[in-house]
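Quick caveat, the model's predicted, so the values are computed rather than measured. For the numbers below, each heavy atom of this structure counts, side chains included, while hydrogens, waters and symmetry mates do not.
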Amino acid sequence: MLGGAGLVGANVYASATEGWGDGSGADASGRVLSSGMATIDCPDVGGRLTAVPDAARPEVDRELAALDQQIAAAYQQVRQAGRGGGEDAGSAGETIMKPLEEKRSESIGRIADALGRAGERPRGLDDLAACTLRPGDSGQATGTPDGDGRQGGTGQGQGGAGAEQGGSAQGQSGSGQGQSGSGQAQNGAGQGGNGPVVSDYADITAVPPEAPAPPPQADASRGTFTSDCGVNAGGLFNSDNVIVAPGVSNGAHHFHDYIGNQGNNAFASDEDLAKAGTSCADQGDKSSYYWPVLRLQNGTRERDAGAPGGGTEGNAGQIVTPEQVTLTFVGNPRGKVTAMPRLLRIITGDAKAFVNGPGNANASWSCTGYENRQLKDKYPLCPPGSDVVRTFRFQSCWDGRNIDSANHRTHVAFTAADGSCPAGFEPIPQLVQRIVYDVDAPSLADGGRTVPLFAVDSFPEQLHKPVTDHGDFINVFGENLMREMVDCINSGRACGSSADDGSAATPTPTPTATPTATPSATAAPGDGSSEQNGGSEQNGGSSTSPPAPSASRSGAAPRHDATTSPARTTKHDTDDKAAPAVSAAPRSTPARSAPAPSPAAPSQAAPAPVTAAAYAPPTAAGTEPQASRGSLAETGAHLWPAAIGTLLALSGLFMLLRARRMRY
């Protein structure tokens with residue numbers, strides 16, 4: 001009896017401490033939860049604000065952040081109600097959605113008042129207060145793509161006020177909806193309980209290769225400039241976003257990887273960014289490059305498991321350090337480029353594309369060796385030996401005046417299909433950002449329990465959908481280095497901190513026309529049928545062409561700790577000669593010039609570009625930094641139940657042997 005009790009106790013403890021971390025991915029019986037997760041769909045107020053006077057901007061930014069905080073809190077109520085047995089739509093409307101609308105109405109009213117005091121009070125903002133409670137999908141296949149590439153079937157339309165974008169209702173395409181094109185049963189709710197799900201993944205080998213991009217014209221600026229800024233091996237993370245929520249802690253509600261500028265947090269001023277250190281090999285590049293972290297849903301509880309931006313908002317699991325990061329600036333396929341203005345802000349993609357619709361989405365997922373096949377709305381399942389690749393092509397047309405705009409997108413634009421910029425815009429170097437991860441294809445049959453699912457961090461109500469992927473960039477290049485970049489690109493040379501070591505990808509300039517804004521419906525694994533967006537940029541060559549290796553590699557084990565810069569409140573200073581801080585060790589800087597690639601070289605695979613994202617984050621408690629867990633003392637503290645069980649088992653065995661020797 002003692003031995004049996006000991007073994008049972010040890011087994012129960014072991015079962016309780018493995019797998020999904022906080023247990024949110026499975027119910028009490030151990031059954032993996034389905035993907036039928038409800039979410040909240042609210043109009044994006046920040047995206048409607050195309051002009052905000054400087055005098056009103058601080059108050060508007062605070063209220064936009066408050067709107068996101070309100071959505072996050074309401075989403076948590078929806079999750080808790082679902083775990084507790086669920087509420088019907090009527091009761092949820094009274095207890096969750098109606099109070100949310102009232103809070104949003106108050107915040108929107110304060111935004112309108114602030115704008116009215118500084119200029120003209122906007123009309124129509126009050127109509128954006130109401131949100132829609134979107135039920136989870138049924139887990140069934142939703143049919144085949146229609147002629148326009150949209151997916152038919154149920155669960156695709158976005159009804160109610162929450163679906164209205166730019167004054168008109170947008171139907172949500174099959175992409176990003178968590179539907180399985182092959183009809184595969186959907187299971188697995190992710191470690192955080194709000195995604196990803198198995199239908200968020202697609203076999204990259206089932207995606208048709210894209211057609212080659214049209215060749216550049218005779219006057220194209222064919223050069224490239226690369227900047228080697230590392231892979232964030234030091235673990236600099238936070239859940240702020242100084243572009244969309246300056247002065248607001250946890251403004252993004254999800255964690256970002258940061259490379260380049262080491263002083264970026266919610267409170268960083270222009271002067272702070274200019275004076276900060278940089279992880280870039282060329283110390284003249286203090287630009288800030290950041291994107292949502294990628295996590296493995298393997299049960300790991302990071303230090304942020306109970307913190308805002310992390311586990312409390314559904315962002316859970318092991319943060320993966322990129323294996324490679326390549327930052328390449330390319331030219332324009334029609335003519336010369338001009339210098340980027342210092343402190344230019346660009347956001348590409350839409351962090352809220354799952355509920356906003358795909359109009360501003362710019363996600364692009366692939367695998368090494370298959371980068372002429374791109375997924376917009378699915379995570380890739382890569383063959384053995386192939387790594388996951390995220391690619392961002394940033395906007396490359398500038399309005400010639402502004403370094404930012406109220407919705408963070410109207411001051412920049414993508415080129416048209418022929419490479420031309422919109423009227424009044426001029427071409428600037430285009431940032432092409434390629435991030436590679438050494439992660440295995442997850443096991444879909446068991447919802448990722450054997451090989452874990454992976455996903456990017458997201459706003460909690462966005463359910464970790466791949467279509468929400470996005471990247472942020474702040475130009476803090478020194479003036480001399482920026483001139484060197486422009487001259488290099490316009491003269492057709494390959495330059496930069498890694499241009500001569502043979503490791504940097506050198507994509508040729510290609511048009512990045514804004515498509516009609518619908519991510520393609522992509523095939524589920526083994527389905528063999530897929531329809532890619534015709535507006536995508538293309539990569540020449542066969543489907544098995546070797547990948548372009550990165551300029552940055554990390555041979556060390558992934559790091560999960562973070563550092564954050566102290567709060568800063570000083571204002572704009574664009575001194576190009578500010579001394580760097582000592583927070584980042586300088587990287588070696590090789591020569592920055594090399595012969596130009598052949599014009600006939602195939603171009604790098606590129607995402608279908610769309611307009612820039614605009615999203616506004618929320619106020620919350622201070623962000624807790626990431627760190628690895630598992631000290632010897634901590635591990636020992638968790639082993640004592642198993643040790644007691646072992647002692648009981650040995651005692652039981654000893655007593656059994658003694659009893660067998662006794663004479664009765």
Side-chain angles (χ1 to χ4, degrees), residues 61-62 64-65 68-69 72 192 229-270 272-273 275-279 286-295 301-322 325 345 347 351 408 435 456-460 462 464 468-474 476 558-569 581 583-584 615-629:
D61 286 341
R62 285 194 300 271
L64 289 174
D68 280 345
Q69 179 62 29
C229 299
V231 296
N232 195 26
L236 179 59
F237 311 115
N238 63 47
S239 59
D240 301 340
N241 194 324
V242 72
I243 296 179
V244 297
V248 179
S249 296
N250 191 37
H253 289 254
H254 53 266
F255 268 68
H256 289 122
D257 265 312
Y258 288 86
I259 64 172
N261 198 287
Q262 300 292 288
N264 189 336
N265 61 34
F267 305 96
S269 67
D270 293 346
D272 296 325
L273 294 174
K275 291 181 178 179
T278 178
S279 67
K286 295 185 180 182
S287 299
S288 185
Y289 309 85
Y290 58 106
W291 55 83
V293 299
L294 188 81
R295 298 194 195 229
R301 289 179 61 85
E302 295 277 11
R303 182 67 66 87
D304 71 330
T312 62
E313 297 181 86
N315 294 309
Q318 177 185 352
I319 294 177
V320 182
T321 300
V325 175
R345 271 90 162 150
I347 300 173
H408 312 294
I435 310 169
V456 294
D457 269 18
S458 74
F459 283 94
Q462 301 298 313
H464 302 282
T468 65
D469 201 14
H470 57 281
D472 299 70
F473 168 70
I474 304 175
V476 200
R559 291 278 301 277
H560 311 303
D561 53 337
T563 57
T564 54
S565 302
R568 298 181 171 100
T569 57
S583 57
Y615 61 98
T619 50
T623 302
E624 188 172 343
Q626 299 286 336
S628 56
R629 303 179 71 247

Taking the side chain as C-beta and beyond, is there a heavy-atom pair between [X] and [Y] under 4.5 Å?
X: N241; Y: Y290; result: yes
X: D61; Y: V248; result: no
X: F255; Y: R295; result: yes
X: P292; Y: H256; result: yes
X: T468; Y: F459; result: no
X: W291; Y: I259; result: yes

- Task: Would you give the length of the straight line joining atom CG of L273 to atom CD1 of I474, rounded to the nearest 0.5 angstrom?
- Result: 5.5 Å
- Task: Nearest 0.5 Å please: distance from the CG atom of L64 over to the CD atom of Q69.
- Result: 13.5 Å
- State which residues pass side chain to side chain donor-acceptor pair (under 3.5 Å) with N261; sequence neighbours excluded, sorted by chain then number. none
- Message: According to side chain to side chain donor-acceptor pair (under 3.5 Å), who are the partners of N315, at least two apart in sequence or on a separate chain?
- Response: none
- Query: If you take all heavy atoms of A276 and G263, which pair is closest and at what distance?
  - Reply: CB-N, 3.7 Å
- Query: Cut-off 3.5 Å, side chains only: do D257 and N232 have a donor facing an acceptor?
  - Reply: yes
- Task: Please determine if D270 and K286 form a salt bridge, counting it only when a charged side-chain N lies under 4.0 Å from a carboxylate O.
- Result: no
